[in-house]
Amino acid sequence: MHRSAFCLLAGVALSWPLAASARDLPAAPAPVADTADSDIIVVGKGQTRQVQQLDQADIAILTPGTSALKAIAKLPSVNFQSADAFGAYEWSERVSIRSFNQNQIGFTLDGIPLGDGSYGNTNGLHISRAISSENVGQTIVSQGAGAIGTQATNNLGGTIEFRSSDPTAKFGVQANGTYGSNDTYRTFLRLDTGVLGDNGPAAYVSYGYLTTGKWKGFGKQKQNQVNAKFTAPLSPAVRLVGTFNFSDRREQDYQDLSLDQIRRLGLNLDNVSNNFPLAVQIADVGANRGDTGAPKFNPAAGTVYPAPYGATGTVDDSYFDASGLRQDYLASFGVETRKGSSIHGELKAYYHSNHGQGTWFTPYVPSPSGVPISVRTTEYDIRRKGVFGSIGTDLGMFGDVTVGGWYERNDFRQARRFYALDSRTVPTRSALQLQNLPFFTQRYGAYTTDTLQYYVQDKLTFGALTVDLGWKGFQVKNKASQIVVSDTAVGAIDATDWFQPHAGVAYKLNNSAELFADFTESKRAFVSAWTNGPFSTGQNGFNALISTNKLKPEQSDTFEGGARFKSGRFNGSLVGYYVDFSNRILGTTVGAGIVGNLATLANVGSVRTYGLEAAGEVKLPYGFGIFASYAYNDSTYRDDVAVAGGTPRLIKGKTTVDSPKHLAKAEVTYNGSVFFGRIGGNYMSRRYFTYTNDQSVPGRVIVDATIGAHVTIADRKFEIQGNATNLFDKKYIATIGSNGFGYAGDNQTLLAGAPAQFFVTLKAGF
């Protein structure tokens, strides 16, 4: 959007959400979740943009250990997918909003940036590793481009802001234990100190443990997690806050599928992690056929794949094993003002350390020992440190003015290594262990990202009219160098835009209804890695991008408007939106996605999106409630893609990948003095996984349910809760795009959804 257009919108001004400021600190939860307040909150009064909020009760009613992202799946325009019952399996975890995928959405925890949400996250971590779901106090979702004060430089399609719960005012202990399908065990323990002394500090520490067997194939997914938080008042208006989070997550993968594989071998096809000799035989046949390009160590294995794959099989039908291994430390310390302070703001510093490996037992590269398989890793080491803050106050006729800033230095190392196996009969390495002593390092790069962002916002009130005006700006500098000389690009590039305007208005019609409208411009900075961003291409390609200044940051211009209603037992909203997404960046690779070939990057045109969102809840008598949401989204490519020396890719007018036109969610809840329950359905229409729309997966309806009872005896709370996911055992494809998207034709980029799963949880607190 041209800068001059902002002047025309000055009277329509931007939204900066009061709900996302440091003034609105989360309330401390009860030791055992109180399901009596589990209704959705449609954030309304005074907001000049579409923004909604969920509290801890909306997470607590789901299976313990469920990702906080799965809890927001019931909100309009939120498309969440995962191949496991918990929504925490990172290789499959996907969330999109209004057709923007997760690396185009800003994520924060207590203001700490969590990065771009991708699987191989190079600048952050998933929320499931950042904090146990029981300690998430509030989740705020903005389906537009989000709050300008959010610590994110990628929020083209909205923000998801998580807030940890505060320590409780009184001493307390919470203990939860879960058992369920596939030998799932989960324990959660939390100790609250209560307020020490007279209005003194308070703290909590918690420990969570999860182990679950895969629902198909063989393997486990495990996690150990520690969270701690303290608060200490410095004055009636200011307090110290500190957090510490540790996570060790190790998950064995499910096999990526194609439609052809599903037709031939079914949705239950998986890795053969229990049968190493079979994996060796498949690799031998692949080498003999020339499918892998590897040496033929065992010609006697022949050229026909063993059962059940047979003559129509491929070397990629089943691998031996693969996994994701992540260890994270995340800490913060700072000061913040309390809600209602005349001068409001915060100042916090944070540090994040991550060591991770993604492993794959590959038949494409043999071990030096003659075993036709080796263990290939993609290795990550993140060291992030940063500081962010804001300060504001009411300046009378000039409104409530806030200014803020954020700086981060991210030192990132990324490697591609291969580790040897020494036996053809038994695996001599485990996918659940961090690998060491490689026989070959293919790529090893050092990447530095310096981020500087600021924002200015002004909230003006004229009776029933609220006007928000503001802008943000950033400069993100990316540098790459090679520790081991390889085919990856080195150099420097930056994305700079010091003025990204936001404007919005809200008009209160009466005590029950209001109208709002807003405009947001946002850019997405580049990331630094050889798996993503400008350095994911070869040196010649990178030099061409730099010398011609051809690669431009992606940009979105979002317009939205709607109405909110709150009267008696009804609470709802109706919103329409239009998004102009330009400078779309596409990386094109040759070969199967899992092989990891370098990409060719280019800006390939724009996307136009428009849609409608509706959400509402009704609180019925006798503890019953109904919530429903519906979203219609029409998102299409506006340009064909030129191919050097070839025929253009004709995708103009085609629906964007992984963008269902219809999303409908509904749930019925009951909250009584003893018993509680919930049953919810989630409908998603057809999704395409090629740019030309020649391949797709059908729509589906998934139903989850909860039933339970709780009692309080002498200030001790006891609860039993039963959960069912995919209650009617629907066979469906959950995640699409696990290995990216292609222009046309079938692709091994799908993951099957988990079947019906059942869990029971006992909770106790005092």
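These numbers were taken from a predicted model, which means no experiment stands behind them. The figures that follow rest on heavy atoms only: side chains count, while hydrogens, waters and symmetry mates do not. Counting from 1, the numbers follow the sequence of the chain as shown.
In this structure, the side chain of Asn726 engages the main chain of Ala754 through a donor-acceptor pair within 3.5 Å. Using a distance-only test at 3.5 Å, with no hydrogens or angles considered, no donor-acceptor pair links the side chain of Glu514 to the main chain of Ala506. With hydrogens and angles disregarded, a donor-acceptor distance shorter than 3.5 Å links the side chain of Asn101 to the backbone of Asn103. Formation of a donor-acceptor pair under 3.5 Å by the Asn176 side chain with backbone atoms of Phe188 is not found in this model. A donor-acceptor pair under 3.5 Å is formed between the side chain of Ser67 and the backbone N or O of Leu69. In this structure a side-chain-to-backbone donor-acceptor pair under 3.5 Å is present from Gln102 to Val95. Thr150 contributes no side-chain N or O that, together with a main-chain N or O of Ile148, makes up a donor-acceptor pair within less than 3.5 Å. Checking side-chain atoms of Gln721 against main-chain N and O of Thr63 turns up no donor-acceptor pair under 3.5 Å. Here the side chain of Thr558 pairs no donor or acceptor atom with the backbone of Gly144 at under 3.5 angstrom. In terms of modelled atom types and a separation under 3.5 Å, the side chain of Glu560 and the main chain of Gln50 share a donor-acceptor contact.
Within a 6.0 Å radius of CG in Asn510, more than 12 heavy atoms belonging to other residues, nucleotides or ligands are found. By the 6.0 Å contact criterion, CD1 on Ile391 is open, its count of non-hydrogen atoms from other residues, nucleotides or ligands being 12 or less.
Legend: residues meeting side-chain contact (heavy atoms from CB on, under 4.5 Å) with Phe758, ordered by chain and number and at least two apart, are Ser181, Ala724, Leu727, Ala756. Under the ring pair (Phe, Tyr, Trp, His ring centres under 6.0 Å) criterion, Phe107 pairs with no residue at all, not counting sequence neighbours. Taking Thr243 as the reference, Ser332 meet the side-chain hydrogen bond (donor to acceptor under 3.5 Å, both in side chains) condition, with sequence neighbours excluded. With sequence neighbours left out, Asn682 forms a side-chain contact (heavy atoms from CB on, under 4.5 Å) with Ala73, Lys665, Arg700. With sequence neighbours left out, the side-chain contact (heavy atoms from CB on, under 4.5 Å) criterion links Ala130 to Leu109, Leu114, Leu125, Ile127, Leu330. Listed by chain and residue number, Leu460, Leu465, Val467 satisfy the side-chain contact (heavy atoms from CB on, under 4.5 Å) test with Phe462 (two or more places apart in sequence, or in another chain).
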Quiz item: What's the verdict on side-chain contact (heavy atoms from CB on, under 4.5 Å) for Leu509 and Tyr507, showing C-alpha distance, side-chain angles and the deciding distance?
Solution: CA-CA 6 Å; Leu509 297 173; Tyr507 184 75; 3.7 Å; yes

Practice problem: Could you go through the side-chain hydrogen bond (donor to acceptor under 3.5 Å, both in side chains) check for Thr402 and Gln457 one step at a time? | Solution: CA-CA 5 Å; Thr402 301; Gln457 60 117 26; 2.8 Å; yes

Exercise. Would you check, one step at a time, whether the test side-chain contact (heavy atoms from CB on, under 4.5 Å) holds for Arg186 with Phe759?
Key: CA-CA 10 Å; Arg186 187 173 192 278; Phe759 308 91; over 6 Å; no

Practice problem: Test Asp704 against Arg678 for side-chain contact (heavy atoms from CB on, under 4.5 Å), laying out the working first. | Solution: CA-CA 8 Å; Asp704 294 346; Arg678 169 192 173 271; 4.0 Å; yes

Practice problem: Step by step, work out the side-chain contact (heavy atoms from CB on, under 4.5 Å) result for Asp658 and Gln81. | Solution: CA-CA 10 Å; Asp658 199 13; Gln81 290 299 318; 5.7 Å; no

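Ser342 and Thr393 get closest at one heavy-atom pair: O-OG1, 2.8 Å. Closest of all the heavy-atom pairs between Arg98 and Thr609 is O-CG2, 4.1 Å. The nearest pair of heavy atoms linking Ser92 to Ala83 is OG-N, 2.9 Å. Here the closest heavy-atom approach between residue Ala664 and residue Tyr630 is recorded as CB-CD1, 4.2 Å. In terms of heavy atoms, Ser128 sits closest to Ala88 at OG-CB, 4.0 Å. What you find for Ser522 and Leu156 is that their closest heavy atoms are O-CD2, 3.3 Å.
Proximity of the aromatic rings of Phe388 and Tyr455 is defined here by a centroid distance below 6.0 angstrom, and this criterion is not met. Between Tyr632 and His662, the gap from one ring centroid to the other is short of 6.0 Å.
Taking 4.5 Å as the limit, some side-chain heavy atom of Val241 sits within range of a side-chain heavy atom of Lys229. Counting heavy atoms from C-beta on, the side chains of Ser165 and Arg190 come closer than 4.5 Å. For the pair Pro113 and Trp406, the minimum side-chain heavy-atom distance is below 4.5 Å. In this structure, Val456 and Asp458 have side chains that are not in contact, with every pair of non-hydrogen atoms separated by 4.5 Å or more. Residues Tyr732 and Ile702 meet the side-chain proximity criterion, which asks for heavy atoms closer than 4.5 Å. Between Ile160 and Ile105, some side-chain heavy-atom pair lies under the 4.5 Å cut-off. For the pair Arg49/Ser142, a side-chain contact is recorded, criterion being any heavy-atom separation below 4.5 Å from C-beta on. Residues Thr178 and Asn723 are not in side-chain contact: their nearest non-hydrogen atoms beyond the backbone lie 4.5 Å or more apart.
For the residue pair Gln225 and Ser132, a side-chain donor N or O sits within less than 3.5 Å of a side-chain acceptor on the partner. Looking at Gln757 and Thr725, their side chains never bring a donor and an acceptor atom within 3.5 Å of each other. Side chains of Ser635 and Asn633: a donor-acceptor N/O pair is absent below 3.5 angstrom, by distance only. Glu613 and Ser77 share a donor-acceptor pair across their side chains, judged by distance under 3.5 Å alone. Side chain to side chain, Thr48 and Asp518 fail the donor-acceptor criterion of an N or O pair below 3.5 Å. Side-chain contact annotation: Ser164 with Asn135, donor-acceptor N/O pair under 3.5 Å absent.
Each of Arg564, Lys619, Glu617 was checked for a side-chain contact (heavy atoms from CB on, under 4.5 Å) with Asn571, and the lone residue meeting it is Glu617. If you run ring pair (Phe, Tyr, Trp, His ring centres under 6.0 Å) between Phe559 and each of Phe519, Phe516, Tyr577, only Phe519 comes through. Checking Ile59, Leu62, Thr66 one by one against Ser133, the side-chain contact (heavy atoms from CB on, under 4.5 Å) holds for a single residue, Ile59.
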